[in-house]
Amino acid sequence: MPEKVYHGKAWNAREFEKSLAFFLDVLYNTPYLFLDRFQKISEERDGMAEEIMTPIPEEESRNFIHQFIDEDIAEGGRFQGMTVHTRFPPEPNGYLHIGHCKALCIDFGTAEKYGGLCNLRMDDTNPSKEDVEYVQAIQEDIHWLGFDWGDRFFYASDYFERMYQCAVTLIRKGLAYVCELTPDQMREMRGDVNAPAQCPYRNRPAEESLDLFARMRAGEFPDGSMTLRAKIDPSSGNFNMRDPVIYRISRAHHHRQGDKWCIYPMYDFAHPIEDALEGITHSLCSLEFEAHRPLYDWVVEHCDLPARPRQIEFARLGINYTVMSKRKLRTLVEEGRVSGWDDPRMPTLCGLRRRGYTPASVRNFCERIGVAKASSTVEFAFLEHCLREDLNETARRVMAVIRPVKLTITNYPEGQSETFQVENNPNRPEDGVRAITFSRELYVEAEDFLETPVPKYKRLYPGGPECRLKGAYLITCTGCKKDAAGNVTEILATYDPESRGGNPADGRKVKGATIHWVDAATAVDAECRLYDNLFTDPAPDAADKDFLECLNPASLETVAGCKVEAGLAQAEAPASFQFMRVGYFCLDSRDSRPGHLVFNRSVGLKDSFKL
C-alpha cells in the first residue's frame, strides 16, 4: 500500500483510515475532550510540546482552571451560589514528590482563591501497596507547605459499602454484569476501531449477576476469576467506555479494613463516587484522566449520587534530571541507591525539605510554572532559582570554610584576640548583627591560595595584592609552609593594623579579593554534604533509557573536617544559612546534632537559570 509520512511517521492508507475513524468517532461522542487537544496539537506543530519550558511571566499567564470555575459559579453556571469544593486524593503507597506538589497546590490553592474547601482523601482502593507510614508522611508534607484540610480528612475505604451498593444498583438497572473472562481473554476480545468488543457474559441476566457478585464478596471465588464490568458501549471509539472493569477479586490485606473485603473497586469507578459523596464541585486531575472523563460522568449519572462534580484535567509536572515514577523512586530506595525516601537528592517533598527547600520556595515554584494542558518539562535549575531567591532574603549569613588551611598573621600579637560585629543579613537589617572573634591563627579556603598564581588571580599568593578578610583587616600574603609531600599546610601573611573593619585608613584601593575566614581558636568542626543532580542525563525517565544507568556517581560528596563559626555550635535543624562565598546550607534533620554538626548544601550561590 502507498505510504504517507505524518509527523515523521510512515502510515499506510489502512492505518490512516483506522486512525481517522477512531478520531472522528471519539470527537463525535465526546467533543469536549478535544477543545484543549487542538491547542496541544497546535503547540506540537510549532515545536513547543517537547521543549524544556521556562515559566510564563506572571502578567501573561492564565489559569484555565480558574476560567472554568469562574464560568461555573457565575450567574446561570452549573454551580451558581455554591462553595467551590476541591479535593487532593493521593494514594498512600509512597511519599509525595514535587510532581504531586503541583497537584496539591492546584487543589488547595484553588480552594483558597475562591474561599472554598479542599478535602484530603487517601485513595486506598489498592490495598497491596498501602501503608500507614505513607499516610502520616503525606499529612506532614501538606502541613509543611502551609495547607490544611480542617476536619475533612477521608479515606476512599470509608465508602466501600456505598460503592458496593452503587454496583448492585447498576446490575439491577442492567448496566453492569459479572464477567468470567481472564485478563488475556479480555484483551483479545477488546476489538479495535473497526470492530466492537466481545464478551459472552454481557447479556447475563441481572439476577444471575447479582447472585455472583454477592458470592464474589463472600469469598467463594479465587482471585482474578471474575470481575464486575460496567455495561456501556462495546463499540465506543473511547476504549475506556468498552465495558470497563469496575470490581475485581483480590484477597490483599487492607491497612484499615483488614480482611473484611476480598473485592475492591477500580479507581475509575471509586473516584467519581467519592467526589460526589463529599460534595466536590471540581475534581481536578492530571491529564491522563482526560479520556476517562466520559466514564467519570457516566458513573455519576447512573449511580444515583447526591452531587455531580465536574472533572477538569491539567498537565503533569515534568522536571529534567529526575524521575517522578513512584515505582522507580521505590527502586532507588530498596536497592540502596539512596539513603531513603528523604535522601536530599530525591524529588520527594521530605527529601527536598531535608535538603533545605522552604515551603515558600516550593509553592512559588508551583505558582510560577503555571497550569497548562500541554505537557512540558521544567528546568530543575528553575526550582533551584526559586529556593535561591527565598534564601537570599531570609537566610542568615555566616562564615564556614569547607576545605580549610591555616592562615597565620605573622605580625599579629600572639595570645591576642578581638571581636568584630558583622551583619546577619544585609537584606534584613532587623536581623541585627553577631559577634565573631579574630586572632593570630585563622582558617581560610585552600582554593584561596596559589603559590604560583594563574592570570587574573586576585586572592592570596606570595607578593600578591592586599586582600580583605571579610569584616576584619587587610592582609598581604608573604609565603607558605609545606609538608614533606609538598602540600601547603600553612599560609603566612601580614596585616595592616590601621584597616580594622576591612577599610584602609588612607583610603587606598584594595586590589585583591575579599576572603571569608574563621578564627582557629573558636572554630567548630562540621561535616558538609555537597549534593548535585541525582542523574547525569536530563531525561533519565525516557522510554529508551535505563534510569539506573543514568545515575550520577558524583551526586554526593561528603567533606569532613570543615570549620564553621563558633556561633553555629548549638544550631538546630531546619535552620538554613548562607555560607558566604560558598552556597546555601541547612543542618541535616536526621544526622546533625550538637557536637556533630552536619550541613547539607541546598543550592549554590551561582544561578544558572535565566529568566
Side-chain angles (χ1 to χ4, degrees), residues 14-38 125 163-210 212-213 216 226-248 263 265-276 283 285 287-305 308-313:
R14 182 169 297 171
E15 289 174 331
F16 181 78
E17 289 172 1
K18 286 182 179 181
S19 299
L20 180 60
F22 170 72
F23 178 85
L24 293 175
D25 183 66
V26 179
L27 179 60
Y28 174 78
N29 287 291
T30 54
Y32 52 88
L33 289 180
F34 286 84
L35 295 176
D36 296 299
R37 277 290 189 232
F38 286 128
T125 55
M163 293 174 193
Y164 178 82
Q165 294 303 325
C166 286
V168 168
T169 297
L170 291 178
I171 297 173
R172 287 178 175 156
K173 289 181 176 181
L175 297 175
Y177 60 94
V178 171
C179 175
E180 298 177 44
L181 293 178
T182 66
D184 288 340
Q185 291 172 331
M186 208 175 292
R187 278 190 292 271
E188 290 172 4
M189 303 179 73
R190 195 180 186 189
D192 56 32
V193 293
N194 294 317
Q198 303 291 328
C199 179
Y201 305 101
R202 193 169 195 272
N203 295 318
R204 170 171 265 160
E207 290 304 318
E208 185 179 339
S209 285
L210 284 170
L212 290 172
F213 191 48
M216 286 169 60
M226 293 184 180
T227 60
L228 183 69
R229 297 176 68 176
K231 191 174 184 179
I232 307 177
D233 182 0
S235 61
S236 174
N238 184 340
F239 279 53
N240 294 299
M241 300 295 281
R242 291 193 173 193
D243 291 9
V245 172
I246 59 175
Y247 261 94
R248 81 280 193 196
I263 58 172
M266 303 299 288
Y267 182 77
D268 278 346
F269 181 66
H271 172 208
I273 294 174
E274 296 154 9
D275 286 348
S283 182
C285 306
L287 199 59
E288 66 267 28
F289 291 102
E290 183 177 43
H292 297 246
R293 193 197 313 163
L295 179 54
Y296 180 99
D297 293 337
W298 185 91
V299 172
V300 171
E301 178 182 355
H302 293 288
C303 284
D304 302 326
L305 296 167
R308 301 196 65 168
R310 177 181 182 179
Q311 179 175 300
I312 303 173
E313 307 84 16

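- Two residues are said to be in side-chain contact when any heavy atoms from C-beta on lie closer than 4.5 Å; His292 and Pro244 fail this criterion.
- Formation of a donor-acceptor pair under 3.5 Å by the Glu208 side chain with backbone atoms of Pro205 is not found in this model.
- Considering CZ of Arg310 and OH of Tyr296, their distance stands at 11.5 Å, rounded to 0.5 Å.
- To the nearest 0.5 Å, atom CG of residue Leu295 and atom CE of residue Met266 are 10.5 Å apart.
- A donor-acceptor pair under 3.5 Å is formed between the side chain of Asp243 and the backbone N or O of Ile232.
- Rounding to the nearest 0.5 Å places CG of Asp275 at 8.0 Å from CD of Gln311.
- Here Gln198 pairs with nothing under the side chain to side chain donor-acceptor pair (under 3.5 Å) rule; sequence neighbours left out.
- What you find for Leu212 and Glu180 is that their closest heavy atoms are CD1-OE2, 4.4 Å.
- Atoms CZ and CG, on Phe239 and Asp192 in that order, are 6.0 Å from each other to the nearest 0.5 Å.
- Side-chain atoms of Asn240 and Pro294, non-hydrogen and from C-beta on, never get closer than 4.5 Å to each other.
- Of the possible donor and acceptor atoms, one in the side chain of Ser236 sits under 3.5 Å from a partner among the backbone N and O of Asn238.
- His271 and Ser283 make their closest contact through NE2-OG, 3.0 Å (heavy atoms, listed as atom of the first residue, atom of the second, distance).
- Checking side-chain atoms of Glu313 against main-chain N and O of Arg293 turns up no donor-acceptor pair under 3.5 Å.
- Side chains of Cys303 and Leu170 form a contact here, defined as non-hydrogen atoms less than 4.5 Å apart.
- Summarising the geometry, atom CZ belonging to Arg172 is positioned 12.5 Å from atom OG belonging to Ser209; distances are rounded to the nearest 0.5 Å.
- The closest side-chain heavy-atom distance from Val299 to Ile246 is not below 4.5 Å.
- For the pair Arg242 (side chain) and Asp233 (backbone), a donor-acceptor distance under 3.5 Å is absent.
- The nearest pair of heavy atoms linking Pro265 to Thr125 is O-CB, 3.9 Å.
- Heavy atoms only, all atoms of each residue included: Val245 and Thr227 are closest at CG1-CB, 3.8 Å.
- Ring geometry for Tyr164 against Tyr247 counts as perpendicular: the plane angle is over 60°, on a 0 to 90° scale with 30° as the lower cut.
- Counting heavy atoms of neighbouring residues, nucleotides and ligands inside a 6.0 Å radius, atom CD of Glu207 does not exceed 12 of them.
- Between the CD atom of Glu290 and the CG atom of Leu287 there is a distance of 5.0 Å, given to the nearest 0.5 Å.
- The minimum heavy-atom distance linking Trp298 with Lys231 is given by the pair CZ2-O, 4.0 Å.
- The side-chain heavy atoms of Cys166 and Phe269, taken from C-beta on, include a pair separated by under 4.5 Å.
- In terms of heavy atoms, Arg202 sits closest to Pro234 at NH2-CD, 3.2 Å.
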